[in-house]
Number of protein chains: 2
Amino acid sequence: MRQTKQRRIILEVLRGTVHHPSADEVYHQVRQCIPNISLGTVYRNLERLVQDKVIRKIVNTQGQGRFDANIIPHGHFRCVKCHLVEDLPFEVTFTAIPENSSWYRAREICEVHYEVTGICPVCKSKSQLAPP
Amino acid sequence: MRQTKQRRIILEVLRGTVHHPSADEVYHQVRQCIPNISLGTVYRNLERLVQDKVIRKIVNTQGQGRFDANIIPHGHFRCVKCHLVEDLPFEVTFTAIPENSSWYRAREICEVHYEVTGICPVCKSKSQLAPP
DNA sequence: TCAGTAATAGTAATTATTACTGATAATATG
DNA sequence: CATATTATCAGTAATAATTACTATTACTGA
Ligand SMILES: [Mn+2]
Ligand SMILES: [Mn+2]
Ligand SMILES: [Zn+2]
Ligand SMILES: [Zn+2]
């Protein structure tokens, strides 16, 4: 993998945030350093970095993909109203996948995703002052 | 919620499969009964059924949303090559979210998603006969 | 230094999903 | 049953997110 300014800044931007940005959000950040960077370059590099397991892509049912420079396994909370994504502030342990089972041996396991969905504090308080 | 033929067949189709189909796949199935049903109708109804918690929508990193008539909590395996989604054949238990914590009380929790990604048996055997 | 080629910027195309609109049909009520 | 109300529909247009294409640029190893 060649070292390019674009790839380096993209990774720096992702490592400099805790907000699990989308490709578009990374793009706007990177533009402050490289004003003429292409959105396609951002998509391509993020996807490449995911492939090489330098970063990870976060699961989601609605909206865009989001990226996370923290590859240590951890769970996420997602707000279904404002699409905020944050790390869970507590450890989550699962029942281990039985590695000696035929099910396991027939597959190659890559990642485990754990996500809790709900309504975040900001959106929750908003919805309590219900509109008429 | 009004009872319509379209909504009934969409739910029947989803309940009649174990393959976690996308909206488009449901559409093509339903067309065998209702040849002129609109794709928008399928999307609208699936989304409505998710809202009413009659079905659930499955997390995914790439491609389309997928739907599941089985609303009993369970985990999924997704193949990163062919996008197959299947139920995990074993129970998964998590550390419970601490309900008396301030973190929990500040939010409203809706769902918990657990997904394992990897390479399915079919794609695994394919990749072992490596092309030259 | 420089040939080879991976990566880029800019743009077009594709894919998945949602929005709009006038017509249709499910339901409630007399 | 008749019919008023209106949720839902089919058909179509629009949007949003992502990917593909292409000529040019700039890493990197020899
Ligand atoms: Mn994270
Ligand atoms: Mn399932
Ligand atoms: Zn929120
Ligand atoms: Zn597969």
Side-chain angles (χ1 to χ4, degrees), chain A residues 1-14 19-52 54-68 78 80-85, chain B residues 1-14 19-52 54-68 78 80-85:
Chain A
M1 177 149 65
R2 271 188 193 174
Q3 168 79 346
T4 68
K5 189 182 174 189
Q6 288 83 349
R7 185 166 291 156
R8 183 171 51 79
I9 304 290
I10 287 167
L11 187 53
E12 270 175 25
V13 162
L14 194 61
H19 292 108
H20 308 89
S22 64
D24 196 65
E25 285 161 353
V26 172
Y27 170 66
H28 286 291
Q29 278 287 123
V30 173
R31 290 234 293 182
Q32 303 191 356
C33 292
I34 313 172
N36 69 327
I37 193 172
S38 171
L39 179 58
T41 297
V42 175
Y43 271 102
R44 191 166 6 84
N45 277 287
L46 287 171
E47 219 56 60
R48 178 67 191 278
L49 291 166
V50 169
Q51 264 179 36
D52 296 1
V54 178
I55 65 174
R56 76 188 298 214
K57 194 171 179 179
I58 301 178
V59 289
N60 65 309
T61 44
Q62 82 271 93
Q64 329 102 299
R66 285 160 165 273
F67 298 89
D68 192 343
R78 172 194 307 279
V80 295
K81 300 278 188 196
C82 69
H83 302 165
L84 159 125
V85 175
Chain B
M1 177 150 65
R2 266 186 200 176
Q3 168 79 346
T4 69
K5 187 181 173 188
Q6 289 83 352
R7 183 167 292 154
R8 183 170 52 80
I9 303 290
I10 286 167
L11 187 54
E12 269 175 26
V13 162
L14 194 63
H19 292 108
H20 308 89
S22 64
D24 196 62
E25 285 161 352
V26 171
Y27 170 65
H28 285 292
Q29 280 285 124
V30 173
R31 290 234 293 182
Q32 303 191 356
C33 292
I34 313 172
N36 70 327
I37 194 172
S38 171
L39 179 57
T41 298
V42 175
Y43 270 102
R44 190 164 8 86
N45 277 287
L46 287 171
E47 219 55 62
R48 179 66 191 278
L49 290 165
V50 169
Q51 264 178 36
D52 295 2
V54 177
I55 65 174
R56 77 188 296 211
K57 194 171 179 179
I58 300 177
V59 287
N60 65 310
T61 43
Q62 82 270 91
Q64 328 102 299
R66 285 163 164 270
F67 298 88
D68 192 344
R78 187 163 46 76
V80 296
K81 299 277 186 198
C82 69
H83 302 164
L84 159 126
V85 175

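A note on names: the letters A, B, ... follow the listed sequences, proteins ahead of strands, and every chain is numbered from 1. Just so it is clear, the model here is predicted, and its values are computed rather than measured.
- In this structure, A:Q51 atom CD and C:dA6 atom P are separated by 15 Å, rounded to whole Å.
- Distance B:Y27 OH to C:dT17 C1': 14 Å, rounded to the nearest Å.
- Between B:R66 atom CZ and C:dT15 atom P there is a gap of 16 Å when expressed in whole angstrom units.
- If you take CZ of A:R7 and P of D:dC27, they are 12 Å apart, rounded to a whole angstrom.
- Residues B:V50 and B:R56 approach most closely at CG2-C, 4.2 Å, considering heavy atoms.
- The distance from atom OG1 of A:T4 to atom CD1 of A:I10, rounded to the nearest 0.5 Å, is 7.0 Å.
- The stretch residues 29-37 of chain B comes close to DNA chain D through B:N36, B:I37, each having a heavy atom under 4.0 Å from the strand.
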Result block: side-chain N/O donor-acceptor pairs under 3.5 angstrom for residues 30-39 of chain B, not counting sequence neighbours:
residue : atom : partner : partner atom : Å
B:R31   : NH1  : B:Y27   : OH           : 3.3
B:S38   : OG   : B:G40   : N            : 3.3

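- Remark: the backbone N or O of A:R44 is not paired with any side-chain donor or acceptor of A:E47 at under 3.5 angstrom.
- Using a 4.0 Å cutoff on non-hydrogen atoms, the parts of residues 40-48 of chain A near DNA chain C are A:T41, A:R44, A:N45, A:R48, ordered by number.
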- Note on the structure: For nucleotides 25-30 of chain C, 5' to 3', base contacts (B), sugar-phosphate-only contacts (S) and non-contacts (-) with protein non-hydrogen atoms under 4.0 Å give BBS---
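- When the P atom of D:dT18 is taken as reference, atom NE2 of B:H83 falls 14 Å away, rounded to whole Å.
- Contact of the B:I58 side chain with the B:R78 side chain is not registered, since no non-hydrogen atoms from C-beta on lie closer than 4.5 Å.
- Note that CD of A:E25 and NE2 of A:H19 are 9.5 Å apart. Values are rounded to the nearest 0.5 Å.
- When atom types are taken as modelled, the side chain of B:R7 and the backbone of B:N45 share no donor-acceptor pair closer than 3.5 angstrom.
- In this structure, A:L49 atom CG and C:dA7 atom C1' are separated by 13 Å, rounded to whole Å.
- For A:L14 against A:L46, the heavy-atom pair with the smallest separation is CD2-CD2, 4.4 Å.
- Listed by chain and number, the residues in a side-chain contact (heavy atoms from CB on, under 4.5 Å) with B:Q51 are B:R48 (sequence neighbours excluded).
- The two residues B:A23 and B:V42 have their closest heavy-atom pair at O-CG1, 3.5 Å.
- Taking atom CZ on A:R8 and atom P on D:dA26, their separation rounds to 15 Å, with Å as the unit.
- Rounded to whole Å, atom P of C:dT8 lies 12 Å from atom CD1 of A:I9.
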- Dot-bracket for DNA chain D, 5' to 3', with Watson-Crick and G-U pairs under 3.5 Å, [ ] for crossing pairs and | for other-strand pairs: what is it? ||||||||||||||||||||||||||||||
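- With hydrogens and angles disregarded, a donor-acceptor distance shorter than 3.5 Å links the side chain of B:R66 to the backbone of B:H20.
- Interatomic distance, CD of B:Q29 versus CD of B:E12, reported as 12.0 Å (0.5 Å rounding).
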